[in-house]
Asks: 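Just dropping this structure here.
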Protein chains: 4
Amino acid sequence: MAGTLNKVMLIGNLGDDVKMHYFDDKNCIGRFPIATSESYVNKQTNERVTNTEWHNIVVRNKAAEICEKYLSKGDKIYIEGRIKTRKWTDDKGMERYSTEIQCDEFTFLTPKNDQQQSHKPSAANAKPQSQPTAPTDTMPEGDDDLPF
Amino acid sequence: MAGTLNKVMLIGNLGDDVKMHYFDDKNCIGRFPIATSESYVNKQTNERVTNTEWHNIVVRNKAAEICEKYLSKGDKIYIEGRIKTRKWTDDKGMERYSTEIQCDEFTFLTPKNDQQQSHKPSAANAKPQSQPTAPTDTMPEGDDDLPF
Amino acid sequence: MAGTLNKVMLIGNLGDDVKMHYFDDKNCIGRFPIATSESYVNKQTNERVTNTEWHNIVVRNKAAEICEKYLSKGDKIYIEGRIKTRKWTDDKGMERYSTEIQCDEFTFLTPKNDQQQSHKPSAANAKPQSQPTAPTDTMPEGDDDLPF
Amino acid sequence: MAGTLNKVMLIGNLGDDVKMHYFDDKNCIGRFPIATSESYVNKQTNERVTNTEWHNIVVRNKAAEICEKYLSKGDKIYIEGRIKTRKWTDDKGMERYSTEIQCDEFTFLTPKNDQQQSHKPSAANAKPQSQPTAPTDTMPEGDDDLPF
DNA sequence: TTTT
DNA sequence: TTTT
């Protein structure tokens, strides 16, 4: 439809590492959950209440590979994308819905020296320090100027 | 959690009128679906593909009453809010999830002269023309300066 | 700098038509002003105050040509982009600053039947109705799937 | 004007400490600059180009005091607000314009253990660690539930 | 200079 | 279920 907007902007922390799915040698997606939370004081009880919301992030192709390489559970990230609700059928034949955030851009927010040592060899090899083309910029998917 | 952001911005059209639920004389919510869509040309088939996404909007209290009064099926609106996934149990005892947009601010985008005549008496009584304090501004919920 | 975001989202009305500047046969920019406004009730005087803010929009290449073709003074538009402050020297040799919104995406919000008849031949020729590839979608600059 | 939006979202680093201005015992503003940057590879020269953009942030009242207390030069922050261009007259009687971001919400993004030791007594006294009600939540100005 |  |  013309004249519409579907935009999501999140800042949150990864609840798990990036899980990759490869379709063929050119296409893949990465998935990971991020948590946002809000807290407020309940006026009746004077207690502080914290609600955590989990978001299922889906990122594609080169962007997925960058996320897989540089992101680990616990890292903070800015995500920009759109909401997409998928319909699927469970093993009892029931229709189910699952809402995902299709990520278009992202920016890593965890300082490099704060990232925990990861056991993923890909991350260990990343050496982002020596790359003038740091992978932490806001990154529109499909920007072929970026050397990834 | 400190340092997080959960922000949704939508421009879309109402797929149905606003449905109100009253809890007591001070608290109510309004619900309505809005559609966004995107279209692109499939490179293999050269066909234009249009995908429509439906979003369940939830708006509270005074803001809900304003939406109920001035919005009708088909109207275009800008919505700002946050994503919230509710867990519920269906009649077979299965856990289900439903994702909603909790609306914090909105702006009506359908010009008044374009709005179709509604049969709802509340809308017929609205007479927004005679109100200098038009209800179409971006409106943070809970702003008591607004004369509603 | 890594890990930064510079994002502007505006909904407003054009205060003037799009002015084009051509650099060569491949590069051009379009410029136009849009107005946003906010109003509130002054608590002391009980008067409604309205403040209008003007934004200088800059759009490039194909996107500029689409704006020039389909937008006219008075039309409503959604703009997404980034803030850029340019430094220039006035005719007295003084340093001056001018802040612009470099537009990355936009969506036309004025319904076609509401647009005033324009005298620009380009707009008269536009015939967007007969184009399955409507120019009113949210449109990332450089999306070559779009037939413009 | 009804039906408009003026929204800015920035993630950047403070170029200086927060400067406070007190009007009376209830009203104050804080000002600080933040930098965003973008980088790309120039296709002609194959060189990486980085452009830094400076934004003048203005924050009011309690929010200003929180910023002054917890933010220092170099810290990373998420800012949400609106664009406002002020007109002023310089000492030669020339009209000048200055564009500011009037901040409505913010979230601190520098982890506490990464913040440099500041010499400001207010910051030294802050002890945010011992406060369950951490000042780093996204914070709408005027939210009186927050214990500041 | 726009719009409601 | 909307809209173009």
Side-chain angles (χ1 to χ4, degrees), chain A residues 1-6 85, chain B residues 10-19 31-39 48-57 70-79 107-116 126-139, chain C residues 10-19 31-39 48-57 70-79 107-116 126-139, chain D residues 1-6 85:
Chain A
M1 177 177 12
T4 71
L5 175 72
N6 176 354
T85 298
Chain B
L10 303 171
I11 296 173
N13 296 79
L14 275 78
D16 201 354
D17 287 338
V18 179
K19 303 292 184 237
R31 294 177 175 277
F32 55 90
I34 75 169
T36 57
S37 79
E38 47 178 5
S39 74
R48 178 149 287 258
V49 181
T50 297
N51 290 321
T52 296
E53 192 68 32
W54 287 99
H55 309 269
N56 299 311
I57 310 300
Y70 296 105
L71 280 178
S72 297
K73 181 174 173 172
D75 284 348
K76 180 158 284 187
I77 190 172
Y78 165 81
I79 292 279
T107 292
F108 300 155
L109 295 174
T110 295
K112 286 189 180 47
N113 46 315
D114 283 21
Q115 288 181 313
Q116 302 142 250
K127 299 200 204 70
Q129 242 67 299
S130 65
Q131 298 191 349
T133 51
T136 43
D137 282 8
T138 298
M139 194 163 327
Chain C
L10 303 171
I11 296 174
N13 296 80
L14 275 77
D16 201 354
D17 288 337
V18 180
K19 304 292 185 236
R31 292 176 178 279
F32 55 91
I34 75 170
T36 57
S37 79
E38 46 178 6
S39 74
R48 177 149 289 258
V49 181
T50 297
N51 290 319
T52 296
E53 193 67 33
W54 288 97
H55 311 269
N56 299 311
I57 310 299
Y70 296 104
L71 279 179
S72 297
K73 181 174 170 171
D75 284 348
K76 180 158 284 188
I77 191 172
Y78 166 80
I79 292 279
T107 292
F108 300 154
L109 294 174
T110 294
K112 285 188 181 49
N113 46 316
D114 283 19
Q115 288 181 313
Q116 304 141 250
K127 299 199 204 71
Q129 243 65 299
S130 65
Q131 298 190 351
T133 52
T136 43
D137 282 8
T138 297
M139 196 163 325
Chain D
M1 178 176 15
T4 71
L5 176 72
N6 176 355
T85 298

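Just so it is clear: chains get the letters A, B, ... in the order the sequence lines come, proteins before strands, and each one is counted from 1.
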Asks: Between the main-chain N or O of D/Leu5 and the side-chain N or O of C/Thr36, is there a donor-acceptor pair closer than 3.5 Å?
Replies: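 Not a single qualifying donor-acceptor pair exists.
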Asks: I'd like to know if the side chain of B/Asp16 reaches the main chain of B/Phe32, judged simply by a donor and an acceptor atom lying under 3.5 Å from each other, with no hydrogens or angles considered.
Replies: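 Judged by distance alone, no pair lies under 3.5 Å.
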Asks: Choose from F/dT1, E/dT2, F/dT2 the nucleotide whose nearest atom is closest to any side-chain atom of B/Pro33.
Replies: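 Within the option list, the nearest is F/dT1.
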Asks: Looking at E/dT2, does its base get a donor-acceptor pair with the side chain of C/Thr52 below 3.5 Å?
Replies: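 Checked by distance alone, the answer is yes.
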Asks: Between atom CD1 in C/Ile77 and atom C1' in E/dT1, what is the gap in whole Å?
Replies: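 Value for this atom pair: 16 Å.
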Asks: Please check this pair: side chain of B/Lys76 against backbone of A/Gly3, looking for a donor-acceptor N/O pair closer than 3.5 Å.
Replies: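 Yes; at least one donor-acceptor contact below 3.5 Å.
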Asks: Whole-Å distance between F/dT4 C1' and C/Phe108 CZ?
Replies: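 It is 13 Å, rounded to the nearest whole Å.
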Asks: Atom OH of B/Tyr78 to atom C1' of E/dT4: distance rounded to whole Å?
Replies: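 B/Tyr78 atom OH is separated from E/dT4 atom C1' by 19 Å.
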Asks: Rounded off to whole Å, could you give me the CG-to-C1' distance for the B/Asp16 and F/dT1 pair?
Replies: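 So the two atoms are 6 Å apart, to the nearest Å.
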Asks: Please state how far atom CG in B/Asn56 lies from atom P in F/dT1, giving the value in whole angstrom units.
Replies: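 For the pair B/Asn56 CG and F/dT1 P, the rounded distance is 15 Å.
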Asks: Starting at atom CD1 of C/Ile79, determine the distance to atom P of E/dT2, rounded to an integer number of angstrom.
Replies: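 In whole Å, E/dT2 P lies 18 Å from C/Ile79 CD1.
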Asks: Specify the separation, in whole Å, of atom NZ of B/Lys76 and atom P of F/dT1.
Replies: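 About 20 Å, once rounded to whole Å.
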Asks: How many whole angstroms separate atom CD1 of C/Ile57 from atom P of E/dT2?
Replies: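 Roughly 16 Å, once rounded to whole Å.
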Asks: Are E/dT1 and C/Trp54 stacked, with the base six-membered ring and the side-chain ring centres under 5.5 Å apart and planes under 30°?
Replies: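 Yes, C/Trp54 stacks on the base of E/dT1.
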Asks: Would you say C/Asn13's side chain and C/Ala35's backbone share a donor-acceptor pair under 3.5 angstrom?
Replies: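 Between the backbone of C/Ala35 and the side chain of C/Asn13 there is no qualifying donor-acceptor contact (under 3.5 Å).
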